[in-house]
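All remarks here apply to the structure that follows.
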Amino acid sequence: MLNAFAQSITRPSEIKALFTYKFAPKSENIRRHRQSLTKDENKRRCYEFLNMTSRSFAAVIQELDDQLRDAVCLFYLVLRGLDTIEDDMTLDLDRKVELLRSFDKVIYEKGWTFNESGPNEKDRELLVHFDVVIEEFLKLNPKFQQVIADITKRMGNGMADYATGEHRENTSVATIADFDLYCHYVAGLVGHGLSDLFSASNLEAPEVAANTELSNNMGLFLQKTNIIRDYREDLEEGRQFWPREIWGDYADNFSDFIKPEHQDQARACLNAMVLNVLDLVPDVLTYMQQLHNQSVFNFCAIPQVMAIATLNLVFNNMDVYKRNVKIRKGEAVELILASTSMDSVVSIFRHYVHEISKKNDARDPNFINVSMAIGKIEQWITTNIPSSDANARPQSSYLTPIIICIIAVIFLAIYQNLQ
Ligand code: D9A
């Protein structure tokens with residue numbers, strides 16, 4: 001925690017956000033939800049699993065309105081179970097494929113549990129106690145159950161196809177179409193499923209579920225950004241998700257990018273990958289614009305603004321090839337607190353796109369393509385958000401250096417006291 005404050009020491013707005021976030025009283029919605037869990041042991045364990053598997057995103061799910069909270073929580077846990085099986089390199093391939101293809105049936109089998117995950121699989125415990133998830137899934141309204149089972153079926157079969165080497169050449173994803181298809185299975189379908197749940201709950205209009213292209217691209221924007229950010233980690237674990245159709249223009253081997261002599265090519269490749277993701281931004285904003293329910297809006301906006309911040313962080317940043325890069329906790333919390341209206345989401349996107357544009361270098365082979373992608377985003381904003389001129393993010397005030405000094409002095413005092 002002190003570390004989060006230390007990372008943001010020169011950024012007063014982030015320090016303020018960290019304090020607000022830490023000491024903000026729980027919303028009425030959350031308190032009622034917590035209270036109701038004391039009477040329901042099985043449901044309480046499901047939310048415990050949710051909080052174990054993802055700390056920050058779990059909080060966002062629990063802020064959803066009552067009509068949707070349990071359905072989304074269980075959707076998340078079912079997907080996490082499927083993901084744990086797909087990820088597990090210790091599982092026999094035939095067994096893995098059998099499980100992936102039948103997972104939509106498994107969720108209807110009362111009492112089903114799974115002890116065969118590798119000992120280092122981080123969500124092993126979830127599958128060991130999967131009967132708890134299934135019991136709660138079976139209590140959901142059947143219209144929600146159907147959405148979850150349908151997506152689980154399509155995703156499990158898609159993952160199984162990839163696991164058995166379809167759409168792949170040895171270990172690499174070949175074409176951009178294959179890359180899009182893989183991301184569709186693991187993330188685009190999550191976008192579909194959630195949109196179906198939103199519309200089925202009547203918290204959102206039927207059109208949100210009907211436009212599957214927009215829902216798909218909500219997932220692709222998150223997944224593709226993560227795939228760029230995780231280059232180093234995935235390489236070390238023997239996974240390759242970047243499509244050869246992109247990286248093949250810059251190297252003969254996917255692992256060449258970590259070599260110092262390939263610096264320039266590595267940089268160009270990284271920016272080509274970011275360019276592929278920037279094209280999705282207009283669809284992300286169009287999707288966000290159709291949402292009406294406040295809790296659904298926040299739930300969708302938070303991951304997307306994190307992704308555009310991450311996309312800016314990785315653009316033209318050679319650290320991606322060396323280690324894990326991550327946005328500062330203070331920056332993340334500031335974004336979470338701000339993601340509550342279309343105007344602020346648009347101004348956040350506009351801010352990061354502007355930062356990307358400042359780092360775009362005329363020597364980069366994709367300089368013009370990146371400029372055009374950014375131009376299209378700016379055009380989307382001016383045509384769709386009439387007030388957008390007035391919504392440019394305020395620059396920090398002349399007080400900033402003074403505030404930084406004060407915070408630094410407070411920090412020094414705290415550190416000296418600790419020693
Ligand atoms: C999501 Cl139910 C995800 N994925 C995410 C998280 O956001 C999406 C997995 C299961 C569910 C939802 C998400 C949220 C809101 C609306 C969405 C949506 O669509 C309309 O999905 C498209 O990343 C995983 C996939 C991308 C594969 C879909 C956000 C999340 N963040 C992590 C941070 C991180 O770096 O992974 O999980 C976290 O906070 O732990």
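Predicted model, so just to flag it, every value in this text is computed and none were measured. We count ligands from 1, going down the list as the structure has it; atoms in each ligand are counted the same way.
- Contacts between R229 and ligand 1 below 4.0 angstrom, taking non-hydrogen atoms only, involve the side chain exclusively.
- Between T175 and D178, the side chains place a donor N or O and an acceptor N or O closer than 3.5 Å (distance only, hydrogens not considered).
- Between F257 and Y231, the angle of the ring planes goes over 60°, which puts this pair in the perpendicular group of the 30/60° scheme.
- Only the backbone of V186 comes within 4.0 Å of ligand 1, counting heavy atoms alone; no side-chain atom from C-beta on gets that close.
- For the pair E236 and R232, the salt-bridge criterion is met [side-chain N within less than 4.0 Å of a carboxylate O].
- If you check which protein heavy atom lies closest to atom 4 (N) of ligand 1, you get L222 CD1, 4.7 Å.
- Residue Q223 has at least one heavy-atom neighbour below 4.0 Å for each of these atoms of ligand 1: 26 (C), 27 (C).
- Salt-bridge annotation for R323 and D319: present, with a side-chain N of the basic residue lying under 4.0 Å from a carboxylate O of the acidic one.
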Quiz item: Can you list the steps and then say if F57 with Y76 is a ring-ring contact (aromatic ring centres under 6.0 Å, His included)?
Solution: CA-CA 10 Å; F57 189 53; Y76 186 88; 5.7 Å; yes
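- In this structure, atom 11 (C) of ligand 1 is in close contact with the protein, since a protein heavy atom lies within 4.0 Å of it.
- Ring orientation note: the planes of Y415 and F411 are tilted relative to one another, at an angle of 30° to 60°.
- Proximity to S54 (heavy-atom distance under 4.0 Å) selects the following atoms of ligand 1: 40 (O).
- Shown here, atom 24 (C) of ligand 1 is out of close reach of the protein: none of its heavy atoms lies under 4.0 Å off.
- With ligand atoms numbered from 1 in the order given, ligand 1 contributes 22 (C) to contacts under 4.0 Å with heavy atoms of G219.
- Ligand 1 lies less than 4.0 angstrom from a heavy atom belonging to Y287.
- Listed by number with element, the atoms of ligand 1 under 4.0 angstrom from any heavy atom of S56 are 38 (C), 39 (O).
- If you number the atoms of ligand 1 from 1 as listed, the ones under 4.0 Å from a heavy atom of P303 come out as 7 (O), 14 (C), 29 (C).
- Distances from atom 1 (C) of ligand 1 to the heavy atoms of F57, F198, Y76, Y185 put F57 nearest.
- Ligand 1 has at least one atom lying under 4.0 Å from a heavy atom of C300.
- Contact between L77 and C46 at its shortest, heavy atoms only, is CD1-O, 3.5 Å.
- A salt bridge links R154 to D150: at least one charged side-chain nitrogen sits closer than 4.0 Å to a carboxylate oxygen.
- Contact check on K358 versus E355 returns a salt bridge, with a Lys/Arg side-chain nitrogen under 4.0 Å from an Asp/Glu carboxylate oxygen.
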Exercise. Assess whether salt bridge (charged side-chain N to carboxylate O under 4.0 Å, His left out) is satisfied between E331 and R328, documenting all intermediate values.
Key: CA-CA 5 Å; E331 187 175 9; R328 292 178 305 279; 3.5 Å; yes
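- Shown in contact with L194 at under 4.0 Å from a heavy atom are these atoms of ligand 1, numbered in order with element: 2 (Cl), 12 (C), 13 (C), 16 (C), 17 (C), 18 (C), 19 (O), 21 (O).
- Those atoms of ligand 1 with a heavy atom of A187 less than 4.0 angstrom away are 27 (C), 28 (C).
- Which parts of ligand 1 touch V190 is read off a 4.0 Å heavy-atom cut-off, strictly below it: atoms 10 (C), 11 (C), 12 (C), 21 (O), 28 (C).
- One option in N226, L79, V72 has a heavy atom closer to atom 36 (O) of ligand 1 than any other, and that option is N226.
- When distances from atom 30 (C) of ligand 1 to the protein are checked, a heavy atom turns up under 4.0 Å.
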Exercise. List the steps and the verdict of ring-ring contact (aromatic ring centres under 6.0 Å, His included) for Y108 and F103.
Key: CA-CA 9 Å; Y108 287 96; F103 212 67; over 10 Å; no
